[in-house]
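A quick write-up on the structure given underneath.
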Protein chains: 2
Amino acid sequence: MDRNSAPPPPVMADVARLAGVSHQTVSRVLNDQPNVRTETRARVLAAIRELDYRPNSAARTLVTRRSQTLGVVSFDTTLYGPASMLYGIEQAARDADYFVSISSLRAMDRATLLDAVSRLRDQAVEGVVVIAPQTQAAGALEQAAAGVPLVGAGCGVTERVPMVAIDQRAGALIATRHLLDLGHRTVHHVAGPMNWLDAVGRMQGWREALEQAAAPVPLPILGDWSASSGYAAGRSLAVDPTVTAVFCANDHMALGLLRALHEAGRRVPQDVSVVGFDDIPETSYFMPPLTTVRQDFGELGRRSLQLLVDRLAGSRPGPAGHVIIPPDLVVRGSARPPHIA
Amino acid sequence: MDRNSAPPPPVMADVARLAGVSHQTVSRVLNDQPNVRTETRARVLAAIRELDYRPNSAARTLVTRRSQTLGVVSFDTTLYGPASMLYGIEQAARDADYFVSISSLRAMDRATLLDAVSRLRDQAVEGVVVIAPQTQAAGALEQAAAGVPLVGAGCGVTERVPMVAIDQRAGALIATRHLLDLGHRTVHHVAGPMNWLDAVGRMQGWREALEQAAAPVPLPILGDWSASSGYAAGRSLAVDPTVTAVFCANDHMALGLLRALHEAGRRVPQDVSVVGFDDIPETSYFMPPLTTVRQDFGELGRRSLQLLVDRLAGSRPGPAGHVIIPPDLVVRGSARPPHIA
DNA sequence: AACCCAGATGTGAACGCTCACACTACCGAT
DNA sequence: ATCGGTAGTGTGAGCGTTCACATCTGGGTT
């Protein structure tokens, strides 16, 4: 049993011989084609089981020119958002009978993204989903899309590349409006880095809500998504007694902000109201539990894969091929009306 | 240019024709084989570029029987740990010139795991890394390993399946010892679900540290890793004034615990010291910043992939084929000596 | 009785690559 | 002058499938 080299795995011909049919009949059974007698089919299936035969996917791919594989290019799958999207994509892919091959980006620049897509192409993927929420990606995306069917998940809006995204502007709008509706005179903003589309969209929505309410528009503070940058922002906002409401572009920065406010003796939500963005799993146990905007990353992933599969199947996508998912406000304990209403 | 069907992609013969050589010479160039004149090589490379030729990986795989693809089976890649491991795996795989194909587990049972591995096998992966930290996985792993080279990442210790893991026992030991050394009479424990190997290991380390110090061993409280369960544990611990130190089996539960203690008026670290486990990115902005045990998930992923590649290359792994990575204690502000020392 | 047609099965040729080997030129050693 | 060796190149087979087609059955029709 334990020879020097293992016995070669069985091939279709072996199955055919054992079942007493031709290789073609085995193929028919394998591909659920009609016109095979039930009894013959049973015999073939028995042979397959007996030999523990597995079709050789390379051979099949060679002739059908279909690898049954899709690629995912993603920037930092360690983050909650990308990780959840990837998860959604994988599930949807499995349901659609595709394998998924990943390629993560170590840095975010045109060359790196193009290279990742190219690697995937070398592997003969039939299509690619790109998760790259930075502004730089948009251009590269268009270029990459030339060689292979491609859709963006939460990526920049481009005429030619179909994509699925969550409406950042709308999310920021309801978050800011929520604070305004509570009676705050205005709302301060701790923004994400401006080379991220999400950060830009959220800032837009925030500004729009203020302008619609004819509220003054304070200077936004730029962070880098990290709790640490939120903390820094919090320290500077804490010293200004007129600040009663802050909209943070993500929950991590809100966490840092919360701590800075706490240390400065500004109570949340009694003295300052805070709203975040993302709804990461920990937010309900922040002190206080954070009111935030929930993005359904899993859904985003699933929908983007769906879009890709639809395109591969040939059904033309909608008008521009873009899908926009609206986010929801999750009200918890970190925002309430100001003292002096 | 825009005909009904795209022109067929160029094949090796096309390159050969254009370069005025045989297909075999093209193959030699592609595979960096010696015995090709520099000038010939240049001509071939030029032809490749001109045609934008990409080798057909299926054809290559068919004849070499090497897919250059590795599979990763993982339980819930949404969690910080698995996500980071996956990231590390992908990077190491790319460095070793492999593609990685993923297959996530929707549920944790033998059949699901076996099915995921089987799917990957159908895709002709050369080897598989499994991320499945539950106790149930261990048995299934051994069975799955029969059909394909396989290594576990943070999985159950099995004689036959090589694996890489972080030493949970050691981590819990230093965490508990740290609290003991600060002068606490004993340390309470909020444990993870007992069907997780990590939870079992951490409880072991905790118990061992107490026993070594001849400290009383309180009844551990069982949680489910969630902040919510940590909160529940915190509420019950808060009413007991003798509790001065708590070791939480993960940071999320510590977050919930922190909040429960806060609400109950028990100050951390003045009244109660808390130590967590994992060192998720947010911990330094908990209130107070959490002292915790850091696990290098990325390294874990990289090492497990390395182990797999080494096995594929034929070099026998060490004695048992197991690699154990020690974790580190990260001291922040949530633990200090008790009041009445 | 001759016919046809559809269902069930088999045959051989691709698919695009690598492998094993054959071949050619040219070198220095005999 | 002959030989052996080696660098450079070409030839044909074969990897395990699917596809297009050919073949063989066995009922209905006429």
Side-chain angles (χ1 to χ4, degrees), chain A residues 5-45 47-48 51-69 97 99 121-126, chain B residues 5-45 47-48 51-69 97 99 121-126:
Chain A
S5 51
V11 298
M12 199 175 264
D14 297 325
V15 175
R17 204 172 310 118
L18 182 59
V21 296
S22 75
H23 63 115
Q24 175 63 332
T25 298
V26 177
S27 172
R28 275 191 266 260
V29 170
L30 245 28
N31 297 297
D32 289 312
Q33 284 178 23
N35 301 350
V36 177
R37 241 190 324 165
T38 352
E39 195 234 58
T40 310
R41 185 183 300 273
R43 211 145 26 98
V44 169
L45 288 174
I48 288 176
L51 297 176
D52 188 27
Y53 164 73
R54 288 165 187 271
N56 181 313
S57 63
R60 183 201 298 251
T61 297
L62 181 57
V63 53
T64 60
R65 300 158 167 294
R66 298 209 41 219
S67 64
Q68 302 213 82
T69 302
D97 254 312
F99 295 107
R121 284 225 279 159
D122 287 343
Q123 205 195 357
V125 296
E126 294 179 34
Chain B
S5 52
V11 299
M12 197 175 266
D14 298 324
V15 175
R17 204 173 307 119
L18 182 59
V21 296
S22 74
H23 64 113
Q24 175 62 336
T25 298
V26 177
S27 172
R28 276 191 266 260
V29 170
L30 246 27
N31 297 298
D32 289 311
Q33 285 177 22
N35 301 350
V36 176
R37 244 190 321 165
T38 351
E39 195 234 58
T40 310
R41 185 183 301 272
R43 212 145 25 96
V44 170
L45 288 174
I48 289 176
L51 298 176
D52 188 28
Y53 165 72
R54 290 168 185 270
N56 181 312
S57 63
R60 184 202 295 254
T61 297
L62 181 59
V63 52
T64 60
R65 302 163 164 291
R66 298 209 41 220
S67 64
Q68 303 214 84
T69 301
D97 255 313
F99 296 107
R121 284 225 279 158
D122 288 343
Q123 205 194 359
V125 297
E126 294 179 34

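This structure is a prediction, so every number in the text was calculated from the model and none was measured. We name chains A, B, ... by the order of the sequence lines, and we start the count at 1 in each one.
Residue N56(B) places none of its side-chain N or O atoms closer than 4.0 Å to OP1 or OP2 of dC15(C). Under 4.0 angstrom from either OP1 or OP2 of dT18(D) there lies at least one side-chain N or O belonging to N31(A). Proximity of R65(B) to the phosphate of dG16(D): a side-chain N or O atom is located under 4.0 Å from OP1 or OP2. Taking only side-chain nitrogens and oxygens, S27(A) comes nearer than 4.0 Å to OP1 or OP2 of dT18(D). Side-chain N/O atoms of T25(B) include one lying less than 4.0 angstrom from OP1 or OP2 on dG10(D).
Rounded to a whole Å, the CZ atom of R43(B) is 11 Å from the C1' atom of dT9(D). When the P atom of dG7(C) is taken as reference, atom CZ of R37(A) falls 15 Å away, rounded to whole Å. Remark: C1' of dC15(D) and CZ of R60(A) are 16 Å apart, rounded to the nearest angstrom. If you measure from atom CG of L62(B) to atom P of dC19(C), you get 12 Å, rounded to the nearest angstrom. Residue Q33(B) contributes atom CD, which lies 11 Å from atom P of dA20(C) at whole-angstrom precision. Atom CG of D14(B) is separated from atom P of dC15(C) by 11 Å (rounded to the nearest Å). In this entry the distance linking CD of Q24(B) with P of dG14(D) reads 16 Å, nearest Å. Between the CG atom of L51(B) and the C1' atom of dG16(C) there is a distance of 15 Å, rounded to whole Å.
Along DNA chain D, the nucleotide nearest T64(A) and the nucleotide nearest R28(B) are compared for position; the residue whose nucleotide lies closer to the 5' end is R28(B).
Residue contacts shown for P55(A) are limited to sugar-phosphate atoms, with no base heavy atom under 4.0 Å away.
Distances from the side chain of H23(A) to the nucleotides dT18(C), dT11(C), dG10(D) place dT11(C) closest. Nearest nucleotide to the V63(A) side chain, out of dC17(C), dC19(C), dT18(D): dT18(D). In this structure, the nucleotide among dC17(C), dT9(C), dT17(D) sitting nearest to the side chain of T40(A) is dT9(C).
In this structure a side-chain-to-backbone donor-acceptor pair under 3.5 Å is present from T64(B) to R60(B). For the pair E126(A) (side chain) and S67(A) (backbone), a donor-acceptor distance under 3.5 Å is present. Between the side chain of R43(A) and the main chain of A19(A), a donor-acceptor pair closer than 3.5 Å is present.
Two residues are said to be in side-chain contact when any heavy atoms from C-beta on lie closer than 4.5 Å; S57(B) and Q68(B) fail this criterion. Using a 4.5 Å heavy-atom cutoff, the side chains of V44(B) and R41(B) are not in contact.
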